[in-house]
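A quick write-up on the structure given underneath.
We number each residue from 1, following the sequence as shown. Values reported hereafter were calculated over all heavy atoms of this structure, with side chains retained and with hydrogens, waters and symmetry mates removed.
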Amino acid sequence: MEDTAVDLITLQMLQAAQATVRASPLGVINTPMIPGSQTTLPLNTACDIHIKMENLQRTGSFKIRGVANQFARRPAGGRFVTMSAGNYGKSFAYATKHYGTQGKVVMPETAPPSRSVLIQSFGVEVERVPTSRLVEVVNRCVRQENMTFLHPHDDVDLIAGHASVGLEILEAVPNPDVVVACCGGGGLLAGVAAAVKLSGCENARVYGVEPTGACTMFRSFAEGRPVGMDAKSIAAGLAPPSAGRVPYALCRRYVEEIVLVSDEEIESAVSTLYRSGFLVEPSGAAAFAAVANDRIPDVAGKTVVLILSGGNIGKDELAHFPD
């Protein structure tokens with residue numbers, strides 16, 4: 001099934017999804033691409049770095065792209081349920097409010113309480129449960145409350161929407177040597193990698209970045225199948241209970257390697273970015289952490305694009321990061 005879904009994902013399909021995302025009434029924006037040389041970031045690498053600023057996206061992260069494509073391809077007036085640690089839930093809630101539909105977000109108890117409050121402000125119900133019970137509770141909502149499940153990462157329409165990030169990268173930097181993206185369930189990484197490779201950049205190397213305590217895609221690569229784990233990380237958005245099946249298949253086809261960074265390296269990345277004027281959440285800073293800590297091989301003299309995938313971080317969270 002997963003291989004069939006991968007074969008259905010063509011450049012024409014991704015371009016059509018990009019057109020849908022750009023025309024969406026949700027107001028998705030083409031986020032800036034900033035050369036690292038034009039920032040005060042201490043990038044001590046001998047490469048040409050470009051930074052895709054998805055932390056400036058509508059609702060604060062790339063997630064709105066996939067949501068825009070999902071909602072455009074679903075019947076109007078549905079009742080939807082999803083599971084999310086925050087960013088997908090926020091975009092999902094924003095979309096349900098815009099379309100006047102009912103929604104519910106099942107959230108892991110480890111997610112910051114401020115994110116629950118934010119999602120509820122859009123009129124969406126939030127149920128916080130242990131990470132191990134996320135799927136169980138979603139299934140209950142589908143079965144008992146007749147709700148439609150929108151998957152936060154393992155969905156072809158979602159991945160095609162996220163691929164618009166990759167297509168925009170190529171509009172700004174037509175021939176990148178290396179592209180680095182964070183990886184949770186794998187939706188962003190899969191979409192970006194497919195967009196880059198299917199656009200003809202066959203020699204570009206695409207890397208995914210995961211926290212050491214939430215490395216489901218890394219383990220999936222090692223075991224040759226999608227696997228789950230008791231994922232724990234300061235980057236809650238990168239700690240789903242398992243890697244997505246369709247994202248896994250796409251990543252195996254188009255991604256060079258999954259690299260790991262520690263929570264301490266992510267914390268340092270958030271602080272470094274903040275001191276240079278970039279408000280980036282832990283999940284959004286993972287790609288920068290990988291580049292800053294030399295996790296990406298053979299970048300000397302290369303054109304490298306990294307994605308800051310989200311900026312949803314509150315004052316309560318920032319207070320716990322090093323100065």
Side-chain angles (χ1 to χ4, degrees), residues 4-34 50-78 80 82 87-88 90-101 148 150-176 179 181 185-202 204 206 244 246-247 249-251 253-255 305 307-310:
T4 300
V6 170
D7 290 336
L8 290 174
I9 294 178
T10 64
L11 178 60
Q12 292 71 27
M13 174 190 178
L14 300 185
Q15 290 170 334
Q18 182 185 34
T20 297
V21 169
R22 286 181 165 174
S24 171
L26 299 181
V28 181
I29 66 172
N30 185 336
T31 53
M33 179 83 83
I34 299 178
H50 299 261
I51 304 170
K52 181 63 169 168
M53 306 293 292
E54 284 296 293
N55 59 314
L56 300 180
Q57 184 57 262
R58 176 86 60 173
T59 73
S61 82
F62 73 93
K63 298 284 189 178
I64 192 67
R65 295 173 180 271
V67 167
N69 201 43
Q70 280 182 314
F71 272 76
R73 297 177 65 84
R74 298 310 192 273
F80 301 112
T82 193
N87 281 346
Y88 180 85
K90 182 180 179 182
S91 293
F92 169 90
Y94 180 80
T96 59
K97 182 176 181 179
H98 176 86
Y99 285 106
T101 60
T148 299
L150 292 187
H151 206 292
H153 54 259
D154 202 358
D155 179 274
V156 171
D157 294 329
L158 179 93
I159 293 167
H162 291 339
S164 61
V165 178
L167 295 176
E168 285 180 15
I169 285 172
L170 297 182
E171 289 171 358
V173 182
N175 295 294
V179 178
L188 173 66
L189 177 62
V192 168
V196 169
K197 294 293 188 174
L198 292 174
S199 293
C201 297
E202 297 177 359
V206 183
V246 175
L250 280 164
C251 288
R253 182 174 295 190
Y254 297 126
V255 172
V305 176
I307 302 168
L308 300 182
S309 60

Practice item. Inspect the surroundings of CZ in Arg73 and state if more than 12 heavy atoms from other residues, nucleotides or ligands are less than 6.0 Å away. Key: no
**Study point:** Close side-chain approach of Tyr94 to Arg58, heavy-atom, < 4.5 Å
**Key:** yes
Review point. Short question: side chain of Ser199, backbone of Cys201 - any donor-acceptor pair under 3.5 Å?
Key: no
Check your understanding: Shortest non-hydrogen contact from His162 to Val192?
Key -> O-CG2, 4.3 Å
Review point. So do the side chains of Leu167 and Leu11 get within less than 4.5 Å of each other, counting heavy atoms only?
Key: yes
Point to revise | Parallel, tilted or perpendicular: rings of Tyr99 and Phe71 (30°, 60°) | key: parallel
Practice item. Let me know which of Leu188, Leu158, Asp155, Asp154 forms a side chain to side chain contact (heavy atoms under 4.5 Å, CB included) with Pro247. Key: Asp154
Check your understanding: What pair of heavy atoms forms the shortest contact from Gly310 to Asn55, and how long is it?
Key -> C-CB, 3.5 Å
Practice item. Any chance you could lay out the side chain to side chain contact (heavy atoms under 4.5 Å, CB included) test for Tyr88 and Leu150, step after step, and finish with the verdict? Key: CA-CA 10 Å; Tyr88 180 85; Leu150 292 187; 3.5 Å; yes
Point to revise | Main-chain N/O of Met33 paired with Lys52 side-chain donor or acceptor, under 3.5 Å | key: no
Point to revise | His151 backbone acceptor or donor facing Gln70 side chain under 3.5 Å | key: yes
Point to revise | Donor-acceptor contact present, side-chain Ser61 to main-chain Gln57, <3.5 Å | key: no
Review point. Are Met53 and Ile29 side-chain neighbours, meaning at least one heavy-atom pair lies under 4.5 Å?
Key: no
Point to revise | Side-chain heavy atoms of Ile64 within contact of Lys90, under 4.5 Å | key: no
Revision key, fill the gap. Of all heavy-atom pairs linking Pro75 and Phe80, the shortest is O-CZ, 4.1 Å
Review point. Could you state the interatomic distance from CD1 (Ile159) to CG (Leu250), rounded to the nearest 0.5 Å?
Key: 5.5 Å
Practice item. Kindly indicate whether the side chain of Arg65, heavy atoms from C-beta on, has any atom under 4.5 Å from the side chain of Glu54. Key: yes
Practice item. Check whether any side-chain heavy atom of His98 lies under 4.5 Å from a side-chain heavy atom of Pro25, and answer yes or no. Key: yes
Exercise for review: May I ask you to decide if Ser309's main-chain N or O and Lys63's side chain share a donor-acceptor pair within less than 3.5 Å?
Suggested key: no
Exercise for review: Please report the closest heavy-atom contact between Gly186 and Cys251, naming both atoms and the distance.
Suggested key: O-SG, 4.3 Å
Check your understanding: Ala72 and Thr20: which non-hydrogen atoms are nearest, and at how many Å?
Key -> CB-CG2, 3.6 Å
Review point. Given side chains that start at C-beta, do those of Leu14 and Ile9 come closer than 4.5 Å, heavy atoms only?
Key: yes
Exercise for review: Answer yes or no: are there more than 12 heavy-atom neighbours, outside Gln12 itself, under 6.0 Å from its atom CD?
Suggested key: yes
**Study point:** Student check: side-chain heavy atoms of Leu198 and Tyr254 closer than 4.5 Å
**Key:** yes
Practice item. Could I get the full list of side-chain hydrogen bond (donor to acceptor under 3.5 Å, both in side chains) partners for Asn87, not counting sequence neighbours? Key: Glu281, Asn312
Check your understanding: Ignoring hydrogens and geometry, is there a side-chain-to-backbone donor-acceptor pair from Ser164 to Gly161 under 3.5 Å?
Key -> yes
Study note, to complete from the structure: Residues Val6 and Ala249: closest non-hydrogen pair is CG2-CB, 3.4 Å
Check your understanding: Out of Ile169, Ile51, Leu189, which residue meets the side chain to side chain contact (heavy atoms under 4.5 Å, CB included) rule with Ile307?
Key -> Ile169
Practice item. Answer yes or no: is there a donor N or O on one side and an acceptor on the other, between the side chain of Asn69 and the main chain of Asp157, under 3.5 Å? Key: yes
